[in-house]
Each structure stands twice: as structure tokens, then as C-alpha cells.
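Worksheet: the structure to be examined is printed underneath.
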Amino acid sequence: MDFTIPFSTAAEAVGAEVIRCKNREQAIAYLLDQLKGSVLCPDFASGKRIGLVEKLLQAGVKPICSDFRMQAASAAAGITGANFGIANTGTIVLESSDEATRLASTLPEQHFILLDPAKIVSDGIAAVPHLRDLHQRDARNYIAYITGPSRTADIERVLTIGVHGPKRLHILLVSGISSDFMEN
Amino acid sequence: MDKNRSQKYKARIDQALATPKLQQALHQFGDAYLLSREKAFIGHDFEALRSQIAEMKDDVREQLDHYLDEFCRNATAAGATIYHAATAEEANDYIASLAVAKGAKLAVKSKSMASEETHLNVALEKAGIQALETDLGEWIIQLAGQRPSHMVMPAIHMFKEEVAELFSKETGRQEPAEIQHLVEVARQQLRQGYLDADIGITGANIAVAETGGIALVTNEGNARLTSTLPKTHVVLVGIDKLVPTLEDAARIVQILPKNATGQLLTSYVTWIRGAVPCGETSKDLHIVLLDNGRRKLAASPDCRDALRCIKCGACANVCPVYQTVGGHVFGHIYIGAIGIILTAFYNGLDQAAELVRACIGCRACVAVCPSKIDLESIILSLREQVGDEEGIGLGKSLVFRKVMRNRKLFHSLIRAASILQKPVSRGERTIRHLPLFFSSLTEWRTLPTVAEKALRDQFDDLAQPLENPRYKVAFYGGCANDFIYPELGVDLVTVMNKLNVLVRYPKEQNCCGVPALYSGDKETAVAMAKQNIDALLKDDPDFVLTTCPTCTMALQRDFVEHLADDPAWAERAKRLAAITVDAAGFIVNQLQGADAFKELPGSEKVTYHDSCHLKRGAGVWREPRALIEAAGDELIEMAHADRCCGFGGSYSFTSHPDISKNILNDKIKDIEKSNADCVAMDCPGCLMQIRGGLEKQNLPTRALHTIELLAQKLRR
């Protein structure tokens, strides 16, 4: 079943920016247009598949691909893939046991995510078998459900975006970049 | 009772009541919460979801050691170090020693109520380690030197100006009181903390036995940084957070944010298992499993359901007492209804002794609890324990044990009161002023007098010319109907006769026992249950009718519970429960009789107030509305129709009259805004409160019991 529309609606409702890309080139073009300053680019399967790092380099953007701990605090953005999405809440599931993935998705003010729309399940309960598969594959896990940008309502209950985590969350839906829920 | 403790508690109430801004904030939040919560649950069956949570949590309680073993085995296999802390001290000592051993100077923390419970920050400071709270709300109250006033929104009691002042001190600049700016200040100020800290401390919303991992449900992203950047991660988690499988965890994740803040899902749910990579090495992960009273709670048959709690805070969000005084009064470390219970077990019954009386018993919390905890019943049983341990006060004890159990004495004294009150009532039906130290009781509502002739003393004179009645019912009047509003009993006969139902009034009936029970004297309540069962079943009535929902709950629920283990009484209590029904419900459901009131003359605008125990106890709220509309009146819904009116029996007279007054004022405002000519309700207690409030404020709106409304129409 195609969950692109409910996923997009739910993600946008919580402040994520969803970009439905026609092809890989459009995704790269969007990134190049948006990226300002240094960008953390951890190693991830769907990124490799579209030659992300090379394309950024060709366009004159120098992605940070190593030494993440030293660089993360000053980076302007991070790019990661996604293991899969959850439609009814607009959630991205990102296996981020790899520390670079974690740093790229927590510290910078902007987080760009590449998600293949074929990898979206209906709801949190339908996500469990995949969550279990990830637990069975790896002995240790750090798996993040990300739903919109960082938010708080701790001062006078007024919803405010971007307190400790990313202030902007861009979800780029790109078909044909991954069909495997076990990779991102 | 501890006088010093009581005085301090009363001072806290006074202080909270003198802060109208706090009340305004909590009321606004309560309103917004209900709307977003309703929206969040669209397409979900809340009852089904919460039944699943309750069942799963009960299973964990029953097999706690089994699931704990499974959790520990899996966590250890993934490289975590487990520590079992029996007490708060043990937990603190372990964490502080670990920090010292690592030469730590700074620990960053994400929000953890368990660490509030153990006062971990104090223990760390003593060991020379700075603890830095990174959740925005927690940081604010840490800077203010306070404790959280809400489990999910710790600084809900504070305003942006106060926050700006605190932040200005921290930055040394004058920070403007703009929320977006203040949030940015927190981001900048706390960022370096994550990078510098030697240890990150988090709680856990869930611990999953199947994986040995934990889940953190958060919005800000600070828990992700806290659990990622420092080399050591300490998880402090109560053993009540354990669930068997990932499916169970997913169900909690599904219901928790919806019920906590009306969010479909929080920004982040983070599943962490084991010693994940950290820099060049692996994380040093320590999981401290905290008991600190949880096993004791599990062993208490009356209270153990409280262990189902998933800490959403909804019981506070909807609580009229919380909305009036806030979490610094209505709570200790954990706040709201669940806070009262957890305080009793985690911090000692003494710490909860005042709080168990602060619950008004409206059951608003029970209706929204995502784990189906009957919070009110548990609080009542704790009140009983406090009553047993500390006594309920000599005056009350004397009244309940010596007077109320002796029906004849009790009723003679009430009759005597109807004569003694004459100097203040001046022969009127309401008292507008009371002299001397009673005066505060009539400052904000008039009080009804004790009727000159009780219902029981005039009932036999009522003619009931029915040749072939459809049913013979016994009327259980309760004290208010019998002695204060006997006319309501007469009205019931008028209405029932119209429907060809014959009403009897068994004279040996006594008070339902709820006042004694709510004051912590269960023994008296049990004695009265037996008296009433005898009296009401005597002539084998088809039904027993009530006009007071608190009495209804006593007959339908409490008597059965009191006598469940008494073979001589259990069956009879069940029989009485089965045939007890409130008058409005009886007319609509048993008699299908609403049409009998059609085409009666006169129509006015009527708004309806749901009595707590009728709607959330007996489940009756459609029926009276159906009757009002059938009778040709225009039904106008007021805002917060099912919010408590603040009566609560002795709550409004002796234990918490000031809180009661505030809750009543909220209700009066809602009634006024509805522009109705009349407010109808189905409870003599609510009637006393609302009628008294309307009269005192000289408002023209009439307050009537639905049965009175129908009878008045029939007589026109």
C-alpha cells in the first residue's frame, strides 16, 4: 500500500518539511539549494546508492565524512537516510547505533533525511516487526523515532520549535533508493 | 493528626489561592488539553487501548521477577551493567560513587521523575559533582530552586517574566521575556554542557524485557544528546516501567503522548539497548533499577493498580483541585491523583496524609487514566489507612461511631437541629449568614436549612392513587432528600405515579455511609451498609430508586465491596446493587417513559450540570438530557458541564472549603455564560452547592433537580 500521502500529511502537521522528489537529481538539487555551511554526512546505504558525497563535492560542498565528534558541534546540517517511515504519525525510524548517524541527526540545526516512500508502514504497531528485526540483527541498538523537529512547550505551554535538537527537519521522499528496512 | 503539618499545608493552599494567575494558567491548559486529547484519539478506541495497558501491566506486576530477570539477562548480554536499588539512598549512592570513581565533574541530565523521587541532584552535589538539568522545564525549576509542579510540564506554574529573570542571572545579560528567545537562550547555554559532561543521566519511560533495552519518549531532543555525547550513560528507572515485549512498548508509545499532551507522538522516541558505540570505544551503560516502595505497592491489594501508571500526568490535567491550587500543593514529588498514591508508598504515608483528603472524589481522573486505574478508590483506601493510623478527629469519630450508626439517635438529632437552627434561619429555607466562627461557611454560598418536617415523617400522608401499578419501588432518600430537601421526595412520587409506579419509603434506611467512608471510617460505613440492605430489601421491591448519585454509588458499588468477604451479606449486597437505579436512568431505560412528559406546558432554556458520581460513577448522563428535551425545554450545553461543582460533602464544609469555593465559582461562571434560565442536575449535594452559590451572588438562574423540574411541569 502507498502511504506517501498520509505520511506526508502527518509529518507536515508536526512541522516537518516533506519534499516529494521526482528523481534523485531533484533531491540533490534541493539539498544543494538548502545547504549552507558545513554538513555532516555519515556513511549510509541510500546515500551511497545515489552518490551523495560525490555529488556534493562536485557542486563545491565539502561534506564532513569523518571525525564527527570534533566537527558535529559546529556543523550547520546533517544528512542521513531512514530505515523506514510510519504513516499515521509522520515518523522517521532511523537506526543510529553508528555514532556518526546520531551526531548528524541530533546536534546540527538542520536535519535532512532521505526516505524511499516504498518503506512506509501504517502505524506504530505495524512498525514493531521491523523494530524487532533490527534488534535481532544487532546486539546493541540506538534506534530513533523522529517525528518533526525538536519542540518544547515548557514555557507557558507555548509550542516552540527547536530547543535542543534540529530546528528544521527536511524529509526528502525519493523512490528507488532503498527497499531494505534494515538499512538507512 | 499532626497540627504543624496541617498548618503548613493550609498555608500552602492559601498561598496558591492567592495566585490567580496560576489558576488561570492551569484552567487554560486544562481546556486546551481536553480539545487536543480528543483530537489525538480520533479513530482510536480509548477504552480498548487502556484495557490492554491495564491487563499487560497487571501481568508484569504478577510476574515481576520473571520479567526483571529477562530484562537483566538481555541488558547484561548487550553490555549494560545492572544495579538493583532497593531504596532511593542505594540508587543515589551507586550513581554518586560511580561518578566519583570516574573522576566526573559534571553530569548532564534529561528529565527523570525517578531522580526527583530519589533527590539524586542533592546526592551528586554532596559528592562534588554538578548535576545540570537539560530539559527546559527542569532547568528552569533547577535555577529557581524549586521542584516540578507537573510530571510532564515541570515548570507549568511559572511565567515567561520569571523565566527571563532566572535566565538573565545565568547569562549576565538582560534577557527579554519572549518565549522564542528564552528557548534559544536555553539551547545556547546548555549545549556546552553535553559536550563537557562526563556522565549523562536519563530516566526511561519503558524498559523492555524482550530486548533488555529502554525507551525514552521526549520532545526536546535533550535525552538524545544526554545519551549520546558523554562517555557514561546512567539510566535510573523504576521497576514499574517494565513491559514484556516490543508490542507492549509500542502500545504505551501509542497512548502516552496522546493522553499526556494531546500529541499524536512526541518528536522523539529513542530505543536504546546496551553499550552502543561512543567515540573510539563503547558507552559505559549503567541501568539502576529502582524499587523504593514499588514492591510494597505491588503487595497492597487495595492500591496495587497504581503500578499500572505510565506517568502521563493526565490525572492532574483534568483535576479541578489541581487546577485550583497547582502541583506544589496537590502533590509531593509526584503530583495529582497518582501523586497522592505514589507519595504514600515512595515517601511514606505521613507525606501523603494531608493530600489524601485533598481529593474531592470527582473521578475526572478515573475517566482519562490510560491504564484504567481507579484512582479515587485507591485514594479512599489510603484515607482509611490514615484514619486508622492517625484517627479521623475526635469530633468526626464521635459523630460517625456513636451517632450515625445509631439511626434513631442520628435522626432525632437532625430533627432537633431543625428547631435549633431557627435563630439563624429566621424561618427561611436557606441560611444566608452564620454567626461567629461558622460565618465563613456562608460567605460564598447560602446553606439550606434542615426541613421542618422530614420526608420520612410526611411520606405516609402522600396519596398514591394507583390501581394497578406497573412496579413497586423502594425509594432510598439519603440524608439530603430525607431531611433537607423532602420536597424532592414528594416530587419523585408525583413523577413516578404519573408513570404508574408505586413508591415506598422504608423507614429503617439510614445514611449511605459515604461521609464516614470519605472521612476514613470504613467500619461505620460497613455497619450502615448492613442497616440499609436490611431496610431496602425487606419488602422485596422491584427496584430501589435513588435521587443522589453518591448514594447510588454506595448501593451499587461500595456495599458490594465492603461485604464481598462476608458470606452472610455478600449475596444480599449484590441483590441490592442489581436493583438499584437512579431516578432519571430508571425513567428512560427501565420504563422508556420520557414520552410521558411530552406536551407539558412551558418551555425554558435549561442547562445541565453532570454530577460527578452520576456521569463517571453510574454512567448516566444522556438520560436526564433526554428527559429535559422530552419535556419541551431547550437544552443548552454549558462549558465544562461534567466538571465538579466543588461540593464533595464534608470537603466543602470542613476539609477544604476554600478550594470548594473556587471550584464552585468556576461552575457559576459557566452557568452564567450559558444564559440558561435554569440549571438542572441530579444530585442534592450539587443542588445545595450550586443553588447556594447562585443565591449568594443574587443570580436569577434557578437550580433544580431534574425530578423537580419534571414534577413542576406536571403540576402546572
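Each chain gets a letter, A, B and so on, in the order its sequence line appears, and its residues count up from 1.
Residue T80(A) holds its OG1 atom at 4.5 Å from CG of L94(A), rounded to the nearest 0.5 Å. Rounded to the nearest 0.5 Å, atoms CD1 (I92(A)) and CD1 (I120(A)) are 7.5 Å apart.
Of the atoms belonging to A144(A), heavy atoms from both backbone and side chain fall under 4.5 Å from chain B. The parts of L264(B) that come within reach of chain A are both its backbone and its side chain, each placing non-hydrogen atoms under 4.5 angstrom from that chain. Of the atoms belonging to S105(A), heavy atoms from both backbone and side chain fall under 4.5 Å from chain B. Of the atoms belonging to V163(B), it is side-chain heavy atoms, and not backbone ones, that fall under 4.5 Å from chain A. Contact annotation for L195(B): only side-chain heavy atoms (C-beta onward) come within less than 4.5 Å of a heavy atom of chain A. Neither the backbone nor the side chain of D123(A) comes within contact range of chain B; no heavy atom of the residue lies under 4.5 Å from a heavy atom of that chain. Neither the backbone nor the side chain of E95(A) comes within contact range of chain B, judged by heavy atoms closer than 4.5 Å. For chain A, the nearby part of I140(B) is the side chain; its heavy atoms alone come within less than 4.5 Å. Interface residue Q263(B): only side-chain heavy atoms are found under 4.5 Å from chain A. Using a 4.5 Å cut-off between heavy atoms, R157(A) touches chain B through its side chain atoms alone. Proximity to chain A (any heavy atom under 4.5 Å) is restricted, for R191(B), to the side chain, taken from C-beta onward. With a 4.5 Å cut-off on non-hydrogen atoms, Q180(B) touches chain A through its backbone and its side chain both. Proximity to chain B (any heavy atom under 4.5 Å) is shown, for P166(A), by both the backbone and the side chain. Both the backbone and the side chain of R132(A) come within contact range of chain B, with heavy atoms under 4.5 Å apart. With a 4.5 Å cut-off on non-hydrogen atoms, L107(A) touches chain B through its backbone and its side chain both. Proximity to chain A (any heavy atom under 4.5 Å) is shown, for Q192(B), by neither the backbone nor the side chain.
Among G148(A), G165(A), G90(A), P149(A), the residue with the largest count of heavy-atom pairs under 4.5 Å with chain B is G165(A). Interface remark: of the candidates M158(B), Q28(B), E162(B), E184(B), E184(B) forms the most heavy-atom pairs closer than 4.5 Å to chain A. Of the listed residues (I86(A), T106(A), I143(A)), the greatest number of heavy-atom pairs within a distance under 4.5 Å of chain B belongs to I143(A). Highest contact tally toward chain B, considering only H135(A), Q136(A), K167(A), is held by H135(A) [criterion: heavy-atom pairs under 4.5 Å]. Most heavy-atom pairs under 4.5 Å with chain A, from the set G137(B), S267(B), C278(B): that is S267(B). Chain A forms the most heavy-atom pairs under 4.5 Å with one residue out of E138(B), E247(B), M153(B), and that residue is E247(B). Your options are S282(B), G274(B), A275(B), and the one with the most heavy-atom pairs under 4.5 Å with chain A is A275(B). Between chain A and the options A249(B), G213(B), A77(B), S227(B), the largest number of non-hydrogen pairs under 4.5 Å is found for S227(B). Ranked by heavy-atom pairs under 4.5 Å with chain B, the first of D98(A), V158(A), I125(A), N88(A) is I125(A). Contact count against chain B (heavy-atom pairs under 4.5 Å) is highest for T160(A) among T160(A), V93(A), T91(A), V14(A). Taking A100(A), G124(A), S97(A) one by one and counting their heavy-atom pairs under 4.5 Å with chain B, the maximum is reached by S97(A). With chain A as the partner, the residue from N74(B), T218(B), I156(B), I179(B) showing the most heavy-atom pairs under 4.5 Å is I179(B).
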Please walk me through it: do K36(A) and E109(A) pass salt bridge (charged side-chain N to carboxylate O under 4.0 Å, His left out)?
CA-CA 11 Å; K36(A) 310 254 172 339; E109(A) 291 203 352; over 6 Å; no

Would E183(A) and K48(A) count as a salt bridge (charged side-chain N to carboxylate O under 4.0 Å, His left out) here? Give the steps.
CA-CA 12 Å; E183(A) 65 171 30; K48(A) 231 183 234 166; over 6 Å; no

May I have the step-by-step check of salt bridge (charged side-chain N to carboxylate O under 4.0 Å, His left out) for R168(A) and E17(A), ending in yes or no?
CA-CA 8 Å; R168(A) 287 179 72 186; E17(A) 294 159 60; 2.7 Å; yes

Report the C-alpha distance between T134(B) and H164(A) in whole Å, list the side-chain angles of each, state the deciding distance to 0.1 Å, and finish with yes or no for side-chain hydrogen bond (donor to acceptor under 3.5 Å, both in side chains).
CA-CA 9 Å; T134(B) 61; H164(A) 295 293; 5.3 Å; no

Derivation of the side-chain hydrogen bond (donor to acceptor under 3.5 Å, both in side chains) call for N219(B) and R151(A)
CA-CA 5 Å; N219(B) 273 315; R151(A) 65 187 56 227; 4.6 Å; no

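Under the 4.5 Å side-chain criterion, counting only non-hydrogen atoms from C-beta, F84(A) is in contact with V121(A). The shortest distance between side-chain heavy atoms of F68(A) and E99(A) does not fall below 4.5 Å.
Side chains of T147(A) and T89(A): no donor on one and acceptor on the other come within 3.5 Å. Under 3.5 Å, the side chains of T232(B) and H286(B) contain no donor-acceptor pair of N or O atoms. T152(A) and E220(B) share a side-chain donor-acceptor pair at under 3.5 Å.
A donor-acceptor pair is defined here as one N or O able to donate and one able to accept, closer than 3.5 Å; no such pair exists between the side chain of D138(A) and the backbone of N141(A).
Using the six-membered ring where Trp is involved, Y30(A) and F112(A) have ring planes that are perpendicular, over 60° apart on the 30 and 60° scheme. By the 30° and 60° cut-offs, the orientation of the rings of H44(B) relative to F41(B) is perpendicular.
Each of Q146(B), H150(B), K21(B) was compared with H157(B) under the side chain to side chain donor-acceptor pair (under 3.5 Å) criterion, and only Q146(B) meets it.
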